Amino acid sequence: MARIGRPVDSGVEGVVAVRIDRDRVEPCAELLAGLLTPAEQEDCRSLLVEEGTEPSLADLLRMESLSRWIAQIRSRYVMELIEDGLLFHFQPIVYSRAPESVFAFECLARGQRADGSLIPPKTIYRDAQAAGLLFPLDRAARLAAIRQAVQHCLTGRLFINFNPSSIYDPATCLRSTVEAIIEAGLPPGRVTFEIVESERADPNHLASIVRYYRSAGFRVALDDLGAGYSSLNLLHALKPDYVKLDRELTTGVDLDPYKACIAAPLLSMARDLGIETVAEGVETPGELAWLQEHDVDYVQGFLLCRPGLPPFEIEDPASGDRGGFETPGAPLTLRVAE
C-alpha cells in the first residue's frame, strides 16, 4: 500500500485498514487488482467507511468481496451512463433481395467518454455485470433506445436488445419499457425485442419474459443462431418471430464449405418453422450473394451501412457507390418499407 502513499493499520488480526483519500480510490483499486489474484480478491471481504468512524453492525452486513468492490470502482462510469443516458446508434436491417429498402433499425448502445470517444457495448455490459449493475443498465438502455429512436424520427420497425439475466420478474422489470413505448406512440407490433446472451439464461425464465412481451403485442428475435446447442433448443421453447444467424457463420460463408454446410440447414429449418431470418455482419458482396441464394429474409452489416445517426449512407453492393438516405418520408437511394 505504500505505493499509493497511505499508511496501513493492522491492529486486528486478519484485518487490514487502509486510509485512502477520495481522489486515490481508483488507483488503490487498480493496485489491489494487480497485487492479488482473482481468487484472493474473491476471498477478501471489503468495506468502505468514513475515517474516524467505527463500523456498525449494519455496515458489517453490507461487506462484499474485494473483487466486487474493485469492479464497482472500475465501473463508476457505468453509473454515470445510467444516470446521464447512453448514446444510441442505429443500424439498418435491409431486405436481402432489395438492400435499398429498410425493414427495421437495430438500436445499438454506446458509451461516450469526456473526449468524445465511444465505449463499446461489450465493455459497458461486462463492467456492469461484474459490478452488479446489469439490471439498472439494461433498463436504462431500453428506455434510452426508445427515446432516441423517436427523437430521430425512426418510428418504423425497431429491434431493441435486452439481456434476460437483468430481468428477475417480467411484470415488474419491463413495465416501464412497455409504458415508454405506449407513451411514444409506437405500435407494439413494430417493436421487436432481441434476446442477447441467451445461452446464459434459464430457459423457463426466458420463456416467461417472451410470454410477457408477446402478451403486450411485441415481437421477439433470437440472436446468434448456430452459436451453440442452446440456441437450437430455444427455437422450440420460445418460437421467436425472427432468428439472427450467428455472425461467425456469416463471415466468409461463401468461401468456407464447412460454414456453408452448417448455415444452410439452419436457415432451411427456420424457414420451415415459419421464422423469418436475419444475417448480421455482412461485409462482402460474396457473403450477400450466398445469403440471397439461400433465401435469407433480411441482412445487416458494414457492406450495406454502418451503425450511426440519420441521415445514413448505404453502399451499393454491386457498384460500390454510396447513396444517402434519411428517415421515412425522405427516400433517396434507400427507402424505408412500410
Side-chain angles (χ1 to χ4, degrees), residues 29 41-42 45-48 58 61-89 106-112 119-149 158-184 188 191-216 218 220-224 230 234 237-238 240:
Q41 294 173 34
E42 190 62 31
R45 314 305 293 175
S46 64
L47 177 67
L48 234 61
L61 290 175
R62 63 182 178 84
M63 290 183 72
E64 56 192 356
S65 68
L66 185 61
S67 61
R68 173 59 65 91
W69 179 78
I70 292 171
Q72 289 174 342
I73 298 303
R74 284 176 164 175
S75 64
R76 282 181 169 178
Y77 77 95
V78 177
M79 285 300 303
E80 294 174 0
L81 291 175
I82 292 171
E83 293 171 1
D84 299 335
L86 291 151
L87 172 68
F88 269 83
H89 284 179
E106 182 175 0
C107 308
L108 299 168
R110 303 285 188 269
Q112 193 164 26
I119 308 172
K122 284 188 176 181
T123 300
I124 300 170
Y125 277 85
R126 179 201 64 204
D127 292 344
Q129 186 158 25
L133 296 172
L134 194 57
F135 167 67
L137 175 65
D138 206 57
R139 177 183 179 275
R142 294 192 301 271
L143 297 178
I146 297 161
R147 183 173 61 254
Q148 293 179 40
L158 296 175
F159 276 57
I160 300 174
N161 296 327
F162 80 94
N163 189 317
S165 299
S166 70
I167 299 169
Y168 57 86
D169 175 66
T172 301
C173 298
L174 301 177
R175 184 183 299 114
S176 58
T177 304
V178 174
E179 290 173 351
I181 290 172
I182 294 172
E183 184 178 342
V191 177
T192 296
F193 286 97
E194 182 175 333
I195 306 165
V196 299
E197 303 289 343
S198 59
E199 72 280 359
R200 300 181 183 181
D202 174 76
N204 293 327
H205 176 59
L206 191 50
S208 71
I209 297 172
V210 169
R211 283 195 299 270
Y212 181 85
Y213 274 136
R214 283 231 170 90
S215 69
F218 303 110
V220 175
L222 181 63
D223 198 17
D224 295 337
S230 60
L234 288 174
L238 304 181

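Quick caveat, the model's predicted, so the values are computed rather than measured.
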Please enumerate all residues that pass side-chain contact (heavy atoms from CB on, under 4.5 Å) together with [X], with sequence neighbours excluded.
X: Leu47; answer: Val49, Pro55, Asp59, Leu60, Arg62, Met63
X: Ala71; answer: Ala130, Ala131
X: Ala237; answer: none

With sequence neighbours left out, what residues match [X] under ring-ring contact (aromatic ring centres under 6.0 Å, His included)?
X: Tyr77; result: none
X: Phe218; result: Phe193
X: Tyr125; result: none

- Item | Set of residues satisfying side-chain hydrogen bond (donor to acceptor under 3.5 Å, both in side chains) with respect to Gln148, sequence neighbours excluded | none
- Query: With Ser65, which residues qualify under side-chain hydrogen bond (donor to acceptor under 3.5 Å, both in side chains), at least two apart?
  - Reply: Ser67
Is there a side-chain contact between [X] and [Y] in this structure, where contact means two heavy atoms from C-beta onward sitting under 4.5 Å apart?
X: Asn161; Y: Leu108; answer: yes
X: Ile124; Y: Leu86; answer: yes
X: Leu137; Y: Asn163; answer: no
X: Val220; Y: Leu238; answer: no

- Can you list every side-chain hydrogen bond (donor to acceptor under 3.5 Å, both in side chains) pair that touches residues 78-87, not counting sequence neighbours? none
Distance in Å, [X] [atom1] paired with [Y] [atom2], rounded so as to fall on 0.5 Å steps:
X: Ile167; Y: Asp138; atom1: CD1; atom2: CG; value: 6.0 Å
X: Ser75; Y: Gln129; atom1: OG; atom2: CD; value: 12.0 Å
X: Leu81; Y: Asp127; atom1: CG; atom2: CG; value: 10.0 Å
X: Ser46; Y: Leu66; atom1: OG; atom2: CG; value: 5.0 Å
X: Ile209; Y: Ser166; atom1: CD1; atom2: OG; value: 7.5 Å

- Where Pro188 and Ala216 come nearest, the two heavy atoms and their spacing: CB-O, 3.5 Å
- Note on the structure: Heavy-atom nearest pair, Glu64 first then Arg68, reads OE1-CG, 3.4 Å
- Note on the structure: Those residues at least two apart in sequence (or on a different chain) that pass salt bridge (charged side-chain N to carboxylate O under 4.0 Å, His left out) with Arg74 are Glu30
- Message: Which residues pass the salt bridge (charged side-chain N to carboxylate O under 4.0 Å, His left out) test with Arg110, not counting sequence neighbours?
- Response: none
- Decide yes or no on side chain to side chain contact (heavy atoms under 4.5 Å, CB included) for Val210 and Ile195, but give the supporting numbers first. CA-CA 9 Å; Val210 169; Ile195 306 165; 3.9 Å; yes
Atom pairs and distances, side-chain donor-acceptor, residues 172-180, under 3.5 Å, sequence neighbours left out:
{"residue": "Thr172", "atom": "OG1", "partner": "Asp169", "partner atom": "OD2", "Å": "2.7"}
{"residue": "Arg175", "atom": "NH2", "partner": "Ala171", "partner atom": "O", "Å": "3.4"}
{"residue": "Ser176", "atom": "OG", "partner": "Arg139", "partner atom": "NE", "Å": "3.2"}
{"residue": "Thr177", "atom": "OG1", "partner": "Arg142", "partner atom": "NE", "Å": "2.9"}

